[in-house]
Amino acid sequence: MGVYGGAFDPPHLAHAALAQAAIQQHALDHLVILPTGHAWHKRRELSPAAHRLAMAHLAFGEIASANIDDREIRRSGPTYTVDSLEELQREHAGAQLYLLLGQDQLDAFAGWHRSLDILKIATLLVALRADSERADHLNRAKDAAAIPSKISYIPIEMPSMAVSASAIRALSATADIQTDHLEKLVNPLVARYIAEHHLYRPT
């Protein structure tokens, strides 16, 4: 069982591509998509959870093995991945859990809440940037006080995609943005949702 968490503000084509690549390459029979609730590590305020949850359903809805899980949105207080993994472990006793990450998340993994416990619960599946060498990043996420010198993970092979949520938010903030421009970066249904709800526009 795969677990893929994130703010998904908004979910874009690279998010969906990573999910599909993980399912296909690692024979995941089920992929849990976890939109973040209260993101303690984010400097900016996220869009309302209801919008992010709705967009996640639109973005991942065509992936048969994927299921949107709102437990982190329903949870009060800060959102920690380890709490969701422990809950899923109890709910699916005996299942092998795989946690999907992007390379930027791997590089920051040492700062995650209870990182060691995450490694005991789940195997990491990491989508590396196209210009990266796996060996260069195998030892990067470490902390002398708590994190082991090596963090093992399994790579997800996928092409480089020049798309980011921050760029989409910036583009959506422009007054003359057209839905078809966004469709190059997000699922057309998500692009329409962003336009209809006037998301990311300056207040």
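Atoms considered below: every heavy atom in the structure, side chains included; atoms not considered: hydrogens, waters and symmetry mates.
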Find out whether [X] and [Y] are in side-chain contact, i.e. whether some heavy atom of one side chain is under 4.5 Å from a heavy atom of the other.
{"X": "Leu182", "Y": "Tyr193", "answer": "no"}
{"X": "Leu101", "Y": "Trp112", "answer": "yes"}
{"X": "Arg169", "Y": "Pro10", "answer": "yes"}
{"X": "Leu119", "Y": "Ser115", "answer": "no"}
{"X": "Val163", "Y": "Lys184", "answer": "no"}

Counterpart residues, ring-ring contact (aromatic ring centres under 6.0 Å, His included), relative to His15 (two or more places apart):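 Residues passing ring-ring contact (aromatic ring centres under 6.0 Å, His included) with His15: Phe8, His12.
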Using the ring-ring contact (aromatic ring centres under 6.0 Å, His included) criterion, which residues pair with His57? Sequence neighbours excluded.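 None.
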Show the nearest heavy-atom pair for residues [X] and [Y], with the distance to one decimal.
{"X": "Glu183", "Y": "Ala191", "value": "CG-CB, 3.7 Å"}
{"X": "Ala56", "Y": "Pro11", "value": "N-CG, 3.9 Å"}
{"X": "Gly37", "Y": "Leu46", "value": "O-CD1, 3.9 Å"}
{"X": "Ala17", "Y": "Met161", "value": "CB-SD, 3.6 Å"}
{"X": "Leu18", "Y": "Ala127", "value": "CD1-CB, 3.6 Å"}

message: I need the single residue from Gln89, Arg71, Arg75 that forms a side-chain hydrogen bond (donor to acceptor under 3.5 Å, both in side chains) with Ser84. Which is it?
response: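 One option only clears the test, and that one is Arg75.
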In Å and rounded to the nearest 0.5 Å, what is the [atom1] to [atom2] distance from [X] to [Y]?
{"X": "Leu124", "Y": "Leu97", "atom1": "CG", "atom2": "CG", "answer": "11.5 Å"}
{"X": "Met55", "Y": "Asn187", "atom1": "CE", "atom2": "CG", "answer": "11.5 Å"}
{"X": "Ile194", "Y": "Leu189", "atom1": "CD1", "atom2": "CG", "answer": "11.5 Å"}
{"X": "His51", "Y": "Tyr200", "atom1": "NE2", "atom2": "OH", "answer": "9.0 Å"}
{"X": "Leu100", "Y": "Gln105", "atom1": "CG", "atom2": "CD", "answer": "9.0 Å"}
{"X": "Leu185", "Y": "Ile168", "atom1": "CG", "atom2": "CD1", "answer": "5.0 Å"}

Determine all donor-acceptor pairs shorter than 3.5 Å in which one atom belongs to a side chain in residues 19-34; sequence neighbours excluded.
from  : atom 1 : to     : atom 2 : distance (Å)
Gln25 : OE1    : Glu157 : N      : 2.9
Gln25 : NE2    : Glu157 : O      : 2.5
His26 : NE2    : Pro155 : O      : 3.3

Pairwise salt bridge (charged side-chain N to carboxylate O under 4.0 Å, His left out) hits with a residue in residues 6-18, at least two apart:
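Only Asp9-Arg44 qualify under salt bridge (charged side-chain N to carboxylate O under 4.0 Å, His left out).
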Worksheet item: What pairs of residues pass the salt bridge (charged side-chain N to carboxylate O under 4.0 Å, His left out) test when at least one of them lies in residues 52-65, not counting sequence neighbours?
Response: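 As it turns out, there is no salt bridge (charged side-chain N to carboxylate O under 4.0 Å, His left out) pair with a partner in residues 52-65 once direct neighbours are skipped.
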Exercise for the section: Identify, with sequence neighbours excluded, every residue that meets side-chain hydrogen bond (donor to acceptor under 3.5 Å, both in side chains) alongside Arg192. Expected result: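 Here no residue qualifies.
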| task | Among Leu85, Ile121, Val82, find the residue that satisfies the side chain to side chain contact (heavy atoms under 4.5 Å, CB included) test when tested with Arg114. | result |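 Among Leu85, Ile121, Val82, the one meeting side chain to side chain contact (heavy atoms under 4.5 Å, CB included) with Arg114 is Val82.
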